[in-house]
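We count ligands from 1, going down the list as the structure has it; atoms in each ligand are counted the same way.
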Amino acid sequence: MPSQQDVVAALAGIMGPDGRTPLPQSGVLGGVVVREDRVFVSLEVQAVRAAEAEPMRAAVERAVSALPGVGKAFVTLTTPSKGEAGAAPRPAPTPAPTPAHDHGHHHGHDHGHSHAAAAPGPGPKAQAARTAQGVPGVRTIIAVASGKGGVGKSTTSANLALALRNLGQKVAVLDADIYGPSMPRLFGLKQKPEVIEGKTMRPLEAFGLKIMSIGFLVEEETPMIWRGPMVMSAITQMLREVAWGDVDIMVVDMPPGTGDAQLTMAQSVPLAGSVIVSTPQDLALIDARRGIAMFRRTEVPILGIVENMSTFVCPHCGTKTDIFSHGGAQHEAERLGVPYLGEVPLALPIRETSDAGRPIVVADPQGPHAQAYMGIAQRLMATLQGSRSRPAPRIVTE
Ligand SMILES: Nc1ncnc2c1ncn2[C@@H]1O[C@H](COP(=O)(O)OP(=O)(O)OP(=O)(O)O)[C@@H](O)[C@H]1O
């Protein structure tokens, strides 16, 4: 395993943006993290200079990869983010407005139209769209999102993926939840993905699904200040440097919340649409509303709302109790004019099977809970087929 100093020393032969100053002295080196045989390097460049910095990024990747003991190098361009510790940086292309406004809450509007592409010519919007290219072999990518943590987004992602597989789809799961990747636990996966043919990783497999998790690439104890910059790099690598093969539907488990990190993610992954998971509590619904507003801003279609923990099923007698006012999500979906995909009760077997690494759709496929997920998957397929018949937004690439 190389030390941080070894990595920095290996970069001395590469020139910084001015072409004269060695990179370690040039002020662009955001940081270096070494985790066993994986090395993460972030290079800070102004967003508008991202394109011209690409050869430098590639040179750093080559130099670090060539060091003895390095299995994989993750080199990412990040915009200087002073004072934004912990937030995922935006992908390179968004030109920063005046610094005073850079992190303001209105910033998201800048992203508003970058996905679709009405932007004429290669302006900044077209550049932003470039980050969301399709993934070879993967036909449809959907995000599973929630307004806040702990509503069962990951449990829903895993069971929905399995239910889609039961419908005959070839399904992959990409766990992009930087705050707490859950797929290793949900699918009982402890091993790391194998690197095949140089840079490409082979996704792990469980129950017929192909699975990649940010948890396989970034250690859990990595501080958020590091995870932030690594995130975009890791997501990009999970999309592009993984031998996904032939995939009908990829389910992306998004980080919870509706902040900048989520917005960035929503823009970096070429999404067909998103599924919003919500519990019936009003508070959660308010947050789900924010989530919906966020996806509307990014022009990612909402494929529907899932109501999780809708009723409580007593593990002893099977009696159903509405702990929260049940049906809130259905009502909210109607009000917002987005499809209601269905509900999943709060039931002990759902948690137990998830904790045991065998989600309920495989543990008890004929049971009522698995059937609830099957219904959701069927409605989702119908919505996807409906949205496919509409013209897809044109993505501008340069
Ligand atoms: N329908 C359900 N019935 C019983 N337990 C559930 C249900 N859905 C989720 N859980 C449990 O609730 C907990 C949180 O679920 P999960 O990790 O899926 O939520 P999340 O929204 O992804 O959380 P985070 O935002 O922290 O990643 C887990 O212990 C999970 O097993």
Using a 3.5 Å cut-off on N or O atoms only, is [X] in polar contact with ligand 1?
| X | answer |
| --- | --- |
| Tyr373 | no |
| Val344 | no |
| Gly149 | no |
| Lys153 | yes |

| Min heavy-atom dist Ser146 to ligand 1 below 4.0 Å |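 Heavy atoms of Ser146 never come under 4.0 Å of ligand 1.
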Could you tell me the residue and atom name of the protein heavy atom closest to [atom], and the distance to it rounded to 0.1 Å?
| atom | answer |
| --- | --- |
| atom 6 (C) of ligand 1 | Met309 CE, 4.1 Å |
| atom 26 (O) of ligand 1 | Gly150 N, 3.8 Å |
| atom 5 (N) of ligand 1 | Arg351 CB, 3.6 Å |

| said: Residue-level breakdown please: for His369 versus ligand 1, do any non-hydrogen atoms fall below 4.0 Å on the side chain, on the backbone, on both, or on neither? | reply: neither
| task | Record the part of Asp177 in heavy-atom contact with ligand 1 below 4.0 Å; permitted values are side chain, backbone, both and neither. | result | side chain
| query | Is the shortest distance from atom 9 (C) of ligand 1 to a protein heavy atom below 4.0 Å? | reply |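 It does: a protein heavy atom is found less than 4.0 Å away from atom 9 (C) of ligand 1.
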| task | Check whether any protein heavy atom sits under 4.0 Å from atom 30 (C) of ligand 1. | result | yes
| query | Between Ala145, Ala372, Pro349, Pro345, which one has a non-hydrogen atom sitting closest to atom 2 (C) of ligand 1? | reply | Pro345
| field | Cluster overlap Met15 with Met56, hydrophobic side-chain contacts below 4.5 Å | value | no
| request: Please determine if Arg185 and Asp355 form a salt bridge, counting it only when a charged side-chain N lies under 4.0 Å from a carboxylate O. | output: yes
| Minimum heavy-atom separation for Val144 to Lys153, with atom names? |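 Nearest heavy atoms, Val144 then Lys153: O-CD, 3.5 Å.
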